[in-house]
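Taking it in order: structure first as structure tokens, then the write-up.
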Amino acid sequence: MRLVAKFIVTVMAMVSFGELMSMAQYDKGVFLFRGRQALADGKYSLAIENFNVLARLDTTDYWTYFFRGIAKYNLGDLRGAQRDFDNSVRLNPVFTSGYHYRAITLSRVGKYDEALADLQRAIELRPGYIGLYFTRGVTYFLSRQFDKAVSDFDRYIRKEPKDPSAYLNRGASRLFLKDTLKALEDYNTAIRLDRFDPEGYIRRGRLYADENNFDKAIADLDKAIELDSTSTYAYFNRAIMLYEKKDYIGAMADFNRVLRDEPGNALTLYNRGLIKAQVGDYEGALSDMDRVLNINPENVLAYFNRASVFIEMGRWRDALEDYDRAIELYPDFAKAYMNRSYVKNMLGDYKSSKEDYDTAQKKVAEYRAATSENAASFADTTKKYSSLLALDAEFAQKDFNDELLQHRDIDIRLRPLYKFVLAPLKDRTEYALQRKFEHPLIDRFEADCPVDVAVSGNDTLWTPSARDLYEQKIYGDDSGSALNDFLKALYEYEGKQYNSSLDYYTRAVEKSGEASDGEPAASVMPSDISRYYAAFYLMNRGVLRAEMIDFISSIESNVQVLTMDDAGATRARVRDRVSRQYDYSDAIADMQKAAETVPDIPYIYFNLGNLYCLAAEHVQSIENYTRAIELYPYMGDAYFNRGLVLIYLKDREKGCIDLSRAGELGVADAYNVIKRYCEEEE
């Protein structure tokens, strides 16, 4: 929102030079400057990293939490933002900006009463700050108190008569009050104040379209696209208008333009599929509807309309399956019963066809008994359920991606397994104040290695320039020790010689005191510290075994990654829609032995969490992620993966809290998932 951007600048200016100087003795000023600069540049993850450091250095500075809250808000982490704004007003109970932004955040998650209470508190503290009335107008609008929204925008406009956003917002409020003349007047004013903002033309064009004045509507959308040729939102709306004028070619071209930039936009795919069906391109229509249902398997209209395409193609069994699914999702769908009755009749199932027909008539009668309006609604179901879907008018200014994020095709992958890797440049990747897990056994192990190694979730930290030196040190050692075999395994892994690497890991495990069945070898004294190194050899062997399974599955197009659809379902995305379950028992056994050998290494439990998840044992997966977090509370990857599994298990609230914490700890991918699964539906 524009208000957010303007307000950030204002707040930043309020931090005094004296405050910065008082922080300087701890270098806090450096992190504050970097964080504020990252905010101004829109680099919100980087901003959070800097404010995290400040929060560790000083837990009493309410500005730190406030700025971090803004960054989280802009990344879609509303829960995390609210916690930070809570802290800011807890530390400073008269902090107007903290109440203001907490209100904005609360309104985004539908807690309008709490948001309005915060805004009232902020207005009492700073009654002359006119921006509060703008925000309260937004909140009134979202809570459907449109008359109060208009009143607040009136007050704001009296003080700020040249802000086009206020007129756009008041116009939207007036539309919901059915005052189209004044809404049009507001949109005209907004355009007059800023003729280069496409938003005004889009809003006015949609108003014209609602009045069936499609020529004017399309002219406004043409202007919006002229001003911003990348606005997929404008192309989408113009496509709807062109369709209403029966310009199917033009509508199709605009939908194609949207999908060029947003290939996973299900709403656009759905609409394009309907047009393709109407012009006889049934294969193309099926392709689009298949994509829609891949993204959102519970889209009842997609099943209903795909069944119609199957009927046109004479594919009666496929049509029957789709009507079955549509009725399963929407048991009162009278039109689906009617159509299914027809399909069953064509298949010769006359008895069941008659039952569906009777059910449909019964539901129609129920509708008619309720109100005559419902009867008319049923009579128009063919048009209703096979017409293009348009977006409802939105008040907040946000781009097309945000509005349709829940309809986008996104694969969400677990954060990868941790393992030891060769790390020639590891000293260059360690940063001051980074919360690195420290363990004396890991430190001793790394010190005993003649080459640099490190525990990492990355596939590699290798650089080819180190090849000659590392090869000389590793293969020049003829001791035959378990440690040397382990290093050879790491080297072979970098060359993608997985079978050879696996053999060296097995030698290292056996030499370190682990027999093939997991029992300690009698020749190794328990006091020998190398006995405990077996945990690391087992950990790496388990990871390699799992990676080899994933490699095989990728060849067979059955990639085992955690992916979620809109219903939170886990599935393996495959080319032919057939998936196999792979056996991770050997990898799990290695990881369990490692945990028994050294029971306080979080990476081992994290890996167990991943492996149990891939084996579809989700409760044990969560238990192991939890154990990893207990050992290492700053392990963002563990929060991230546990959050995904919790969402899959339908515990979205806890899952989203975990994802928020993961984002706070530097897992940038968390914010993409939060936007997909954690924003409340209005």
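Sequential numbering from 1 along the given sequence is applied to the chain's residues. The figures here come from the full heavy-atom set of this structure, side chains too, leaving out hydrogens, waters and symmetry mates.
- In this model, a donor atom of one side chain and an acceptor atom of the other lie less than 3.5 Å apart for Tyr493 and Glu547.
- Taking 4.5 Å as the limit, some side-chain heavy atom of Arg642 sits within range of a side-chain heavy atom of Leu646.
- Remark: aromatic rings of Phe420 and Tyr537 are distant, center separation not under 6.0 Å.
- In this structure, the ring of Phe536 has its center no less than 6.0 angstrom from the ring center of Phe486.
- Side-chain contact, Gln37 with Asp41: a donor N or O sits under 3.5 Å from an acceptor N or O.
- Between the side chain of Tyr584 and the backbone N or O of Arg545, no donor-acceptor pair lies under 3.5 Å.
- Remark: Asn499 pairs with no residue by the side chain to side chain donor-acceptor pair (under 3.5 Å) rule, at least two apart or across chains.
- A heavy-atom distance below 4.5 Å is not found between the side chains of Glu623 and Leu608.
- Results of the ring pair (Phe, Tyr, Trp, His ring centres under 6.0 Å) test with Phe437 over Tyr603, Tyr605, Tyr634, Phe606 single out Tyr603 as the only residue that passes.
- Salt bridge Asp77/Lys72: absent, no basic N to carboxylate O contact under 4.0 Å.
- Contact between Ala482 and Ala508 at its shortest, heavy atoms only, is O-CB, 3.4 Å.
- A donor atom on one side chain and an acceptor atom on the other are not found under 3.5 Å apart for Tyr625 and Asp658.
- Smallest separation of non-hydrogen atoms from Ser501 and Ala489: OG-O, 2.8 Å.
- Side-chain contact check for Arg90 and Asn87: at least one donor-acceptor pair (N or O, by modelled atom type) lies under 3.5 Å.
- Side chain to side chain, Glu492 and Tyr504 fail the donor-acceptor criterion of an N or O pair below 3.5 Å.
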